[in-house]
Structures are given as structure tokens and as C-alpha cells.
Amino acid sequence: MNSIISDLNHLIEGKVSNKEADLVAVSQDFGGIIQKQPQIVVRPQNSTDVAKAIKYAAEQELTISSRAAGHSLSGQSLNQGGILLDMRNLNQIDEFHSDELWYKADAGVTWKQVVDTSIPYGVIPPVLTNNFEVTLGGTLSAGGLGLSSFRYGSQADNCLGLEVVTGTGDIVWCTPEENSELFYHVLCGYGQFGIITKVQNRLRKYRPFTRSYFLCYDDLDHLLNDEAFLISEGRIDGLVSLFSPCLLGFSRASEKGIKPLIQWFYRMQITIEVDDVNDINEEKLLSELNFYRHIYTEDLTFEKFIQPIAQIPHPVETANSWIDVLLPMSVAKEYIEVALQRLPSFMDFRTVPVGSFCLVSGNTKMPMFPLPDEDLIIGLGMYPTIPKSQVKPVIEQLNSLTDLGFQMGGKRYMATWVEFDLPQWRLQFGDYWPKVNEIKRKYDPHGILNPGFFKYEQVAQKNVNKTYIQTH
């Protein structure tokens with residue numbers, strides 16, 4: 001151990017530590033379900049530090065993982081027994097060109113830094129998640145979805161270029177035209193093929209005001225049809241739906257004992273971005289929708305609208321077993337009804353945020369972000385925060401809902417809780433799965449980058465590090 005510390009201290013400009021407190025600080029992610037502890041934490045100061053650490057890891061047959069905010073839910077940003085790269089010191093915005101609608105920044109820059117820089121210039125990243133404290137490198141490695149993703153795709157779809165350090169320690173600049181294979185697989189690739197150190201991302205101009213309509217539905221068909229209508233007509237700039245259960249009583253006729261009688265209501269929030277709210281033809285917009293009740297209208301400046309409503313709490317000894325299932329529009333109603341029917345059987349449904357969002361397959365083009373084979377995709381999100389003592393039975397049920405999604409032609413958003421076996425990885429990527437394995441072998445031939453999440457096909461190869469087959 002002391003020799004590893006000594007070696008890395010000689011190689012790297014940044015901080016190297018094996019102190020217990022530093023190791024424990026990076027042993028858990030936001031999910032709180034998986035725990036792993038590295039033997040070394042490295043805080044690189046630049047891309048060269050990252051490259052040297054990766055080369056050293058390969059020589060010593062150590063695994064190496066990258067982490068910044070640690071907002072993963074399935075241990076994607078953790079490492080067991082190897083080297084953990086804490087990327088938070090790579091936190092500078094290098095270039096900002098509001099007139100040309102792009103910027104370049106380190107991977108450890110937060111979205112809050114970007115928003116704070118861009119707002120005064122009248123520009124904004126096209127897609128923002130509901131957490132500004134996460135980093136560019138982290139969300140681009142996962143995808144990154146927001147209220148406007150049906151229009152602009154994921155955050156990864158708005159990336160223009162990447163500096164990446166591969167599993168052989170090579171520093172490569174890649175774009176859709178230059179080193180494009182690496183570009184399209186590092187994005188949404190969860191650090192499997194290379195570690196992002198710098199990004200060049202797109203900006204867009206925004207309008208100064210927003211109006212949001214809060215519409216209540218008591219019929220799921222009407223909700224889904226209105227979502228499809230609004231998106232196909234291009235009438236809105238933001239959309240999200242939240243589901244609320246109403247407990248109406250209990251039935252004693254069930255063979256399984258007392259059964260709660262639940263009526264679900266669906267609140268769709270649609271947002272329009274305008275120069276002047278008086279320009280909105282509200283009557284035309286709302287008259288063609290089939291909501292149960294118009295609850296509220298909210299006018300905000302754009303700057304205020306995009307701010308997250310609140311920080312997400314993470315009480316001690318709890319786990320965030322969140323999942324997002326991506327469904328073809330044609331089966332969304334059937335799947336959602338089954339999921340809502342099952343939910344009360346394994347958790348307190350009254351406290352679990354449940355909702356839906358929309359994607360358009362033509363706007364989300366990352367090969368490492370598999371989508372169902374239809375134009376309109378409905379995402380169903382279930383976001384339980386539960387005591388750690390309840391994790392096992394809850395994730396068993398959530399895994400069962402994942403299986404049902406696969407059976408109905410769905411996919412999973414892998415930034416949330418994922419526990420796939422090899423057959424499920426094949427279902428997730430379909431015909432593209434052999435290509436994923438090929439790219440892994442090409443850019444991480446020693447199999448050292450971010451192990452333990454993806455499970456690859458076992459192949460007979462010469463001169464491949466024994467750690468390549470990641471079955472733990």
C-alpha cells in the first residue's frame with residue numbers, strides 16, 4: 001500500500017490519499033444501496049494526472065473509477081479495492097461563447113456554474129435536470145434528462161466535443177466527426193470506455209418569461225393522449241406529469257385480506273416560454289385538451305422557472321431505490337396501470353413520488369442510451385426513499401417491474417437503480433450489445449475502468465487482464 005501511495009505521489013500533481021476518512025467519504029453513492037471502498041483516492045489536477053493514474057492502474061492490475069458528485073444510484077461511481085478518481089478539482093469553465101452558442105469546461109464543473117455563467121448572456125443549456133449540483137461529466141456519462149428532453153433530447157445529445165482518457169491512458173479529443181466512435185460511446189457510457197475530462201456543450205437562447213399550466217386528469221388515457229398531442233403539435237417547451245393517489249376506503253372482499261381502494265389522479269404541468277405572456281392564446285391551447293380540472297397558472301421569469309424547487313433530502317440510513325422505465329407509447333397505459341396496482345403491495349404508496357415524462361426517439365440519438373422502437377416514448381418514474389432495512393423486498397419488486405418493462409418492449413434509464421444480469425443487458429441493448437462488448441475491448445483492453453456495473457460477455461482473448469470479465 002505504501003508503495004502505491006509513493007508511486008502515485010511521484011506521478012501525479014494532485015492529492016493522493018489512503019486515509020480512512022477519505023476512503024469512507026467515497027464509499028457510497030446517492031442511491032445508498034451499494035457500498036464499495038477503494039484503497040486509494042486520487043484528486044487529479046488535470047487530464048495528465050488522470051492519464052498517468054490509468055496507466056499506473058493498468059501496470060499494477062488495479063481497477064480505476066471516476067466520481068464527482070456521486071449522484072449515481074447503483075454504485076456506478078464507486079470502486080472496490082482499486083483507485084477512485086475524485087474529479088471535483090477539475091472545475092473550471094475554460095471558454096464561453098454566448099454568440100456562437102457553446103462553451104468548454106472541465107468535467108467536474110457543476111451545472112449551477114454553467115447556469116450562473118450563461119443566464120446574464122440570455123443563453124442556457126438546452127436541457128437541465130432537477131439537480132444543478134451534479135457535474136457535466138457525471139450527467140453526460142449517464143444521459144441527463146429534463147423537462148425539455150422531448151424537444152432537445154438528453155444532455156448528452158447536446159454535447160459537441162469531449163476530451164477523454166481511454167483505458168490505455170491516451171488523451172483523445174473527440175467529436176461527432178473526429179474520433180466519433182469514442183465520442184458516441186463515452187456519452188451515456190458510464191465510464192466504461194474512457195473517463196471524460198473536458199466537455200464542449202451546446203447553448204441556446206431563451207425567452208424571458210414562462211407560463212406553466214397545472215392540469216389535473218382523472219383518466220390515464222386522456223393524459224397520455226394529451227401529452228402525445230402537445231408534443232406532436234410542438235406547442236409547449238416543458239412537460240412533466242406527477243401521479244397522486246387518493247385513498248377512498250378499504251375493501252374486505254379480497255382473498256388477500258383488506259385491500260385499499262385507490263383512485264389515481266395525474267397532474268400534467270406544461271410550460272411555454274414567451275417574450276410576453278399576453279401573447280399566449282390560452283383558450284386555443286387549453287380547449288383542445290381533455291383534462292379534468294385546470295388547477296393553477298403560474299407566470300415566472302425564465303431565470304426563476306429553471307431553478308430546482310428544492311434540494312433533494314437524503315436522511316441518514318435511507319436508500320434511494322429509484323427507477324425510470326422507458327416505454328413505447330402503445331403499451332404505456334397498460335404498463336402504468338399494472339405498476340400503480342402493484343405499488344401499494346410493497347411500499348407506502350402515499351409517500352412515493354411517481355410521475356411520467358416524454359421523449360421523442362428522433363431527438364435522443366445516443367447508441368448507449370437504448371430506447372424502445374417507437375417514435376414517442378413515455379417514461380415512468382418511481383422514486384422511493386426507504387429505510388435501508390426495507391431495501392431487499394422493495395428492489396425485488398422494482399426488478400420485477402423492470403422485467404415486465406422488457407417483456408413489453410421497454411428499456412431502462414440506467415442512471416437510476418439497475419441490477420441487470422447478463423440476459424437483461426442483452427435485452428437492454430438488443431442487437432447493439434455485441435458492439436458494446438467490442439468497444440469495451442477496444443478502448444479498455446485491460447478491463448480496469450469503472451468495473452462492477454456492466455456485465456460483459458465472456459470471450460476467450462490472449463493478453464487481456466483477468467479483471468476484464470466483470471462479474472462482481
Q. Does the pair D324 and R412 meet the rule for a salt bridge (charged side-chain N to carboxylate O under 4.0 Å, His left out), with working shown?
A. CA-CA 6 Å; D324 285 319; R412 281 292 315 279; over 6 Å; no
Q: Of all the heavy-atom pairs spanning L145 and S154, show the shortest one and how long it is.
A: CD2-CB, 4.0 Å
Q. K411 side chain to Q428 main-chain N or O, any donor-acceptor pair under 3.5 Å?
A. yes
Q. Please walk me through it: do S47 and E163 pass side chain to side chain donor-acceptor pair (under 3.5 Å)?
A. CA-CA 8 Å; S47 306; E163 182 184 79; 2.3 Å; yes
Q: Have a look at R211 and tell me which of T297, T271, D237, D299 forms a side chain to side chain donor-acceptor pair (under 3.5 Å) with it.
A: D299
Q. Is the side chain of D49 donor-acceptor paired with the backbone N or O of P44 at a distance under 3.5 Å, no angle test?
A. no
Q. Can you tell me if NZ on K365 sees more than 12 non-hydrogen neighbours from other groups inside 6.0 Å?
A. no
Q.
Please determine whether salt bridge (charged side-chain N to carboxylate O under 4.0 Å, His left out) holds for the pair D106 and K198, giving the CA-CA distance in whole Å, both sets of side-chain angles, and the decisive distance to 0.1 Å.
A. CA-CA 4 Å; D106 293 341; K198 288 186 183 293; 2.6 Å; yes
Q.
Do L136 and V114 have side chains that approach each other closer than 4.5 Å (heavy atoms only, starting at C-beta)?
A. yes
Q | Test item: side-chain donor near acceptor, E419 and N399, under 3.5 Å | A | yes
Q.
With a 6.0 Å cut-off on the ring centroids, do F429 and F369 count as close?
A. no
(Q) Determine whether a donor-acceptor pair (N or O, by modelled atom type, separation under 3.5 Å) exists between the side chain of D444 and the backbone of I448. (A) yes
Q: State whether the number of non-hydrogen atoms from other residues, nucleotides or ligands found under 6.0 Å of F229 atom CZ is greater than 12.
A: yes
Q. Side chains of W111 and T139: do they bring a donor and an acceptor to under 3.5 Å?
A. yes
Q: Kindly state whether the ring of F30 and the ring of W322 have centres lying under 6.0 angstrom apart.
A: yes
Please table the atom pairs, donor to acceptor, closer than 3.5 Å between any side-chain atom in residues 171-178 and protein atoms at least two apart or in another chain.
residue: T175; atom: OG1; partner: E177; partner atom: N; Å: 3.1
residue: T175; atom: OG1; partner: E178; partner atom: N; Å: 2.9

Q. Does the R151 side chain pair with the main chain of N363, one donor and one acceptor, at a distance under 3.5 Å?
A. no
(Q) Any side-chain to backbone donor/acceptor pair from S118 onto V123? Under 3.5 Å, distance only. (A) yes
(Q) Just by distance, no angles: are the side chains of Q424 and T402 close enough, under 3.5 Å, to form a donor-acceptor pair? (A) no
Q) Is a side-chain donor-acceptor pair under 3.5 Å present for Y206 with E303? A) no
Q. Just wondering, more than 12 heavy atoms not from Q37 lying within 6.0 Å of its CD?
A. yes
Q) How about F291 and L286: do any of their side-chain heavy atoms sit closer than 4.5 Å? A) yes
Q: Would you check if L359 and F150 make a side-chain contact, meaning some heavy-atom pair closer than 4.5 Å?
A: no
Q | Under 3.5 Å side-chain donor-acceptor pair for T168 and D170 | A | yes
(Q) Does N79 form a side chain to side chain donor-acceptor pair (under 3.5 Å) with T63? I'd like the steps, not just the answer. (A) CA-CA 8 Å; N79 182 282; T63 61; 3.1 Å; yes
Q: Mind running side-chain contact (heavy atoms from CB on, under 4.5 Å) on L449 and I64 for me, showing each step along the way?
A: CA-CA 5 Å; L449 294 181; I64 186 165; 3.8 Å; yes
Q | Neighbour count above 12 (heavy atom, 6.0 Å) for R235 CZ | A | yes
Q. Do S241 and E227 get their side chains close enough for a donor-acceptor pair, meaning under 3.5 Å?
A. yes
Q) Hey, do the aromatic rings of H10 and Y56 have their centres closer than 6.0 Å? A) no
Q: Return the minimal non-hydrogen interatomic distance between L23 and I40, and the atom names on each side.
A: CD2-N, 4.0 Å
Q. Do any N or O atoms from the side chain of S65 and from the backbone of L78 form a donor-acceptor pair under 3.5 angstrom?
A. yes
(Q) Counting C-beta onward and ignoring hydrogens, is there a side-chain heavy-atom pair between L327 and V325 closer than 4.5 Å? (A) yes
Q. If you look at every heavy atom in D275 and P208, which pair is closest and at what distance?
A. OD1-CD, 3.6 Å
**Q.** Test item: side-chain donor near acceptor, Q192 and N450, under 3.5 Å
**A.** no
Q) When you check the side-chain N and O atoms of S77 and D29, is any donor under 3.5 Å from an acceptor? A) no
Q. Any side-chain heavy-atom pair from T110 and V134 closer than 4.5 angstrom?
A. no
Q: Go through Q35 and S27 one step at a time and tell me if the side chain to side chain donor-acceptor pair (under 3.5 Å) criterion holds.
A: CA-CA 6 Å; Q35 283 195 314; S27 67; 4.8 Å; no
Q. So do L85 and I195 actually touch side chain to side chain, heavy atoms under 4.5 Å?
A. yes
(Q) Within the supplied structure, the quantity of interest is the number of heavy atoms (other residues, nucleotides, ligands) at a distance under 6.0 Å from D373 CG; does it exceed 12? (A) no
(Q) Less than 4.0 angstrom from a charged side-chain N to a carboxylate O is my criterion; do D86 and R43 meet it? (A) yes
Q: Verify, without hydrogens or angle tests, whether Q269 (side chain) and F214 (backbone) share a donor-acceptor contact under 3.5 angstrom.
A: no
Q: State, to 0.1 Å, how close I54 and G167 come at their nearest heavy-atom pair, and which atoms those are.
A: CG2-O, 3.6 Å
Q) Where is the tightest heavy-atom contact between A415 and Y190, given as atom of each residue plus distance? A) N-OH, 2.9 Å
Q. What heavy-atom pair brings K52 and L11 nearest, and what distance separates the two atoms?
A. CD-O, 3.2 Å
(Q) Keeping Q39 on the side-chain end and G81 on the backbone end, is there a donor-acceptor pair under 3.5 Å? (A) yes
Q. Salt bridge (charged side-chain N to carboxylate O under 4.0 Å, His left out) between E181 and K435: does it pass, once the steps are laid out?
A. CA-CA 11 Å; E181 184 178 67; K435 182 68 172 180; 3.3 Å; yes
Q: Decide if the gap between the ring center of Y103 and the ring center of H97 is smaller than 6.0 angstrom.
A: no
Q: Please answer whether the main-chain N or O of R207 pairs with a side-chain N or O of E273 as donor and acceptor at a distance below 3.5 Å.
A: yes
(Q) Quick one: does any side-chain atom of S74 pair with a main-chain N or O of V418 as donor and acceptor, under 3.5 Å? (A) yes
Q.
Does the plane of the ring in F243 sit parallel, tilted or perpendicular to the ring in Y266? Use 30° and 60° as the thresholds.
A. perpendicular
Q. Would you call L140 and Q155 a side-chain contact if the rule is heavy atoms closer than 4.5 Å?
A. yes
Q) With under 30° as parallel and over 60° as perpendicular, where do the rings of F420 and W425 fit, or are they tilted in between? A) perpendicular
**Q.** Side chain to side chain, F209 and L300, heavy atoms closer than 4.5 Å
**A.** no
Q. Excluding sequence neighbours, so at least two apart, what forms ring pair (Phe, Tyr, Trp, His ring centres under 6.0 Å) with F357?
A. none
Q. How long is the gap from CZ on F132 to CG on N130, to the nearest 0.5 Å?
A. 9.0 Å
